[in-house]
Amino acid sequence: MTTRRTQTARRHLMFLLVIGQLFAAPLFANDASRLDHQQAPKRVKASRRKPNIGEGMSAKDKFYLKIAYLGAIKRLEKDESCRALFNDLNLDGLQALSRTLYQPVQSAAERAYCVGGVDAYTAVGADRVMICRQFYQLHRRTKTAVLIHEALHTAGMSEAPHDPDGMTPEEINEMVEKACALR
């Protein structure tokens, strides 16, 4: 009898999850015409308040990433100037954060990118951010700035030297710290 109740409970839970996704999908659609950056966004749903974390990250590192992630959400919810960084990219900053998979670097090839002050990296438009070891040693506010910086790249912002017209990483960091009150 217990097995039967468990199976029934699982079916009900799956039904609720499917229904919830059907109703939530339009809320997270990438439709720039519906984004209103002039008004403060509603608080992020509880399920979006947790970062998507890939395999291989220690519990301690997950904890520090979660703190930085919540800090980034708070800055984007609170500061119009921080949200405005995403205006020209046609993606809301909260959406950029919530759709990203945060993955620790693991291979030697991935670690090769983590030199010269690089704390995290991603490809423009990608939904995966690679987190370098030194990220976890940063101050809380700097970690938050790094996540917003990388969210700008996932939203489409390019950077020098790959884009000759793009800002340098240092210029992007300064812009994020100033706009998001992270100094």
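Here, residue 1 is the first one in the sequence, and each next residue gets the next number. Computation of the quantities below employed the complete heavy-atom set of this structure, encompassing side-chain atoms and omitting hydrogens, waters and symmetry-equivalent molecules.
Between the Arg141 side chain and the Arg183 main chain, a donor and an acceptor come within less than 3.5 Å of each other. Side chain of Gln134 to backbone of Val118: a donor-acceptor contact under 3.5 angstrom is found. In this structure a side-chain-to-backbone donor-acceptor pair under 3.5 Å is present from Thr100 to Ala96.
At a threshold of 4.5 Å between non-hydrogen side-chain atoms, the residues Met167 and Met175 count as touching. Residues Asn52 and Tyr69 have side chains not in contact (no heavy-atom distance under 4.5 Å, counting atoms from C-beta outward). At a threshold of 4.5 Å between non-hydrogen side-chain atoms, the residues Cys132 and Val115 do not count as touching.
Counting heavy atoms of neighbouring residues, nucleotides and ligands inside a 6.0 Å radius, atom CD of Glu174 does not exceed 12 of them. Other residues, nucleotides and ligands contribute only 12 or fewer heavy atoms inside 6.0 Å of the OH atom of Tyr64.
Closest approach of Ala181 and Asp79 over heavy atoms only: CB-OD2, 3.9 Å. Taking both residues in full, the closest heavy atoms of Lys62 and Met57 are given as CE-O, 3.3 Å, listed atom of the first, atom of the second, then distance. Annotation for Leu76 and Phe86: closest pair CD2-CE1, 3.8 Å, computed over non-hydrogen atoms. Taking both residues in full, the closest heavy atoms of Val129 and Ala120 are given as CG1-CB, 4.1 Å, listed atom of the first, atom of the second, then distance. Considering all non-hydrogen atoms of both residues, Ala145 and Val176 come closest at O-CG1, 3.8 Å. Residues Thr144 and Ala72 share a closest heavy-atom pair of CG2-N, 3.3 Å.
Linking ILVMFWY side-chain heavy atoms closer than 4.5 Å, directly or via other members, places Met130 and Val124 in two distinct hydrophobic clusters. Note on Leu89: it clusters hydrophobically with Leu94, by side-chain heavy-atom contacts below 4.5 Å among ILVMFWY residues. Linking Ile, Leu, Val, Met, Phe, Trp and Tyr residues whenever their side-chain heavy atoms come within less than 4.5 Å places Ile73 and Leu65 in a single cluster. Tyr136 and Leu101 are assigned to two separate hydrophobic clusters, defined by single-linkage of ILVMFWY side chains at heavy-atom distances under 4.5 Å. When hydrophobic clusters are built by joining Ile, Leu, Val, Met, Phe, Trp and Tyr residues whose side-chain heavy atoms come closer than 4.5 Å, directly or via intermediates, Ile131 is grouped together with Leu138.
Tyr121 meets the ring-ring contact (aromatic ring centres under 6.0 Å, His included) test with Tyr113; sequence neighbours excluded. Under the rule for a ring-ring contact (aromatic ring centres under 6.0 Å, His included), Phe63 has no partner lying at least two apart in sequence or in another chain.
Between the CG atom of Asn90 and the CD atom of Gln95 there is a distance of 11.0 Å, given to the nearest 0.5 Å. Annotation: the span from Thr142 atom OG1 to Gln137 atom CD amounts to 12.5 Å, rounded to 0.5 Å. Taking CG of Leu147 as the start and CD1 of Ile67 as the end, the distance is 11.5 Å to the nearest 0.5 Å. Atom SG in Cys82 sits 12.5 Å away from atom NZ in Lys74 (nearest 0.5 Å).
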Checking Lys143 against Asp119 for the salt bridge (charged side-chain N to carboxylate O under 4.0 Å, His left out) test, could you report, in this order, the C-alpha distance in whole Å, the side-chain angles of both residues, the deciding distance, and whether it holds? CA-CA 9 Å; Lys143 286 183 198 131; Asp119 303 309; over 6 Å; no
Glu80/Arg83 under salt bridge (charged side-chain N to carboxylate O under 4.0 Å, His left out): CA gap, chis, key distance, verdict: CA-CA 5 Å; Glu80 167 57 32; Arg83 287 190 304 279; 3.0 Å; yes
Would you please test Glu110 and Arg133 for salt bridge (charged side-chain N to carboxylate O under 4.0 Å, His left out) and show each step? CA-CA 11 Å; Glu110 291 172 340; Arg133 282 294 328 142; over 6 Å; no
Under 3.5 Å, which donor-acceptor pairs do the side chains of residues 150-160 form with other protein atoms, sequence neighbours left out?
unit_1	atom_1	unit_2	atom_2	d
Glu150	OE1	Thr122	N	3.4
His153	ND1	Met157	O	2.7
His153	NE2	His149	NE2	3.0
His153	NE2	Glu159	OE1	2.8
Thr154	OG1	Ala151	O	2.8
Ser158	OG	Asp163	OD2	2.4
Glu159	OE1	His149	NE2	3.2

